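The structure displayed is predicted, hence computed values, not measured ones. Note: hydrogens, waters and symmetry copies are ignored here, and every other heavy atom, side chains too, is used. In the text below, chain A, chain B and the rest are named by the order of the sequence lines, each starting its count at 1.
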There are 2 protein chains.
Amino acid sequence: MEETDRSIVAALSADGRMSYTDLAEKVGLSVSAVHQRVRRLEQRGVITGYAAKVNFEEIGLPLTALVAIRPFDPAQPDDAPEKLAHLPQIDSCYSVAGEDFYLLLVRVASPSDLEKLLQEIRTSANVTTRTTVVLSTPYEQRPPSVS
Amino acid sequence: MEETDRSIVAALSADGRMSYTDLAEKVGLSVSAVHQRVRRLEQRGVITGYAAKVNFEEIGLPLTALVAIRPFDPAQPDDAPEKLAHLPQIDSCYSVAGEDFYLLLVRVASPSDLEKLLQEIRTSANVTTRTTVVLSTPYEQRPPSVS
DNA sequence: ACTGAAAAGATCCCTTT
DNA sequence: AAAGGGATCTTTTCAGT
């Protein structure tokens, strides 16, 4: 990827609602040129969407946890991500190297909701779980270093 | 938090660039009422910002890893997050319960960049590291279930 | 690919209910 | 708290380079 596109991606990663006017000034192009480039970045799948960043404590999801999962029966077909996709408490699903198969980042309202979620995860995907509770989040989802 | 604010947060989590016109229609309020509510959500720190979602492979950061860290000397003051904040490869930092002290989500261009980053993490914060490489990401940063 | 300009649309502030 | 109105700014498209 090229220099101007990189600075566009960097700027929109830091402020996803920045206007094309401001973006144009920032990257040193006309508004219509920047607009065209952003559209291309979206079409090429470099920019896949835009999201508000929220304070999860404030929206009633103060408990974050990392759930490592392993199939109960390693001989079974492994389609845990699809089987778990319907659970809205799951923020992210990573397929990982190492002893575990997947790592899930989950957000819930309370320990008892975490307990229910873990049961749902185990029965939905026929897996065992090992859960690490997040105590605090010094920082999260920082804009990438697109340099 | 109240019903209308919740649907505003849900809508902007799913599409952070949605116009106030569309948002107003979605939540059944006038444009000015929605605008006022969004500003209040921002001021109260419920919405903390907006970000473009990017395809990290496309922007030259195809390697994601989870790095568990522990102080080399547990008697030393523990300020690893601040000591590591300057490293732009670190996307997120979670303080966790369990054997490890912090979990970092990092994104780099290559295995050799991961190696360099791990060295920097160890020397910057005087910690040991245990790294789990992400092989693929079935899904990530899904909008929260604000219901 | 970029620019400039013009029309359409959105934002933002202020007043009223 | 919400709605309406209107000035201002932004988005979007298009002709020209």
key: Rounded distance in Å - CG (B:Leu23) to P (C:dC12)   = 13 Å
key: Atom-to-atom span, OH of A:Tyr20 to P of C:dT3 - whole angstrom   = 16 Å
message = How many whole angstroms separate atom CZ of B:Arg40 from atom P of D:dA1?
response = 6 Å
B:Arg142 side chain vs A:Ala85 backbone, donor-acceptor pair below 3.5 Å = yes
request  = Quick one: label B:Thr21 by what it contacts on the DNA or RNA (base, sugar-phosphate, nothing), any heavy atom closer than 4.0 Å.
outcome  = sugar-phosphate
inquiry  = Would you say A:His35 places a side-chain N or O within less than 4.0 Å of OP1 or OP2 belonging to D:dT12?
reply    = yes
key: A:Tyr20 six-ring centre to B:Arg17 NZ/CZ under 6.0 Å and within 45° of normal   = yes
ask   = Between B:Thr4 and A:Arg17, which is nearer to the 5' end of DNA chain D once each is assigned its nearest nucleotide?
value = B:Thr4
key: Heavy-atom closest pair, residues A:Gly45 and B:Asn55   = O-CB, 3.1 Å
request  = Determine the contact category for B:Ser19: base if any of its heavy atoms lies under 4.0 Å from a base atom, sugar-phosphate if only primed atoms, P, OP1 or OP2 are that close, otherwise nothing.
outcome  = sugar-phosphate
request  = May I ask you to evaluate whether A:Arg39 reaches the phosphate of D:dT12, defined as a side-chain N or O under 4.0 Å from OP1 or OP2?
outcome  = no
task = Apply the side chain to side chain contact (heavy atoms under 4.5 Å, CB included) test between A:Val27 and each candidate in A:Asp5, A:Ile8, A:Asp22; give the one that qualifies.
result = A:Ile8
key: Side chain B:Ser32 and base D:dG4 donor-acceptor under 3.5 Å   = yes
inquiry  = Using whole Å, what does the distance between atom C1' of nucleotide D:dG5 and atom CD of B:Gln36 come to?
reply    = 16 Å
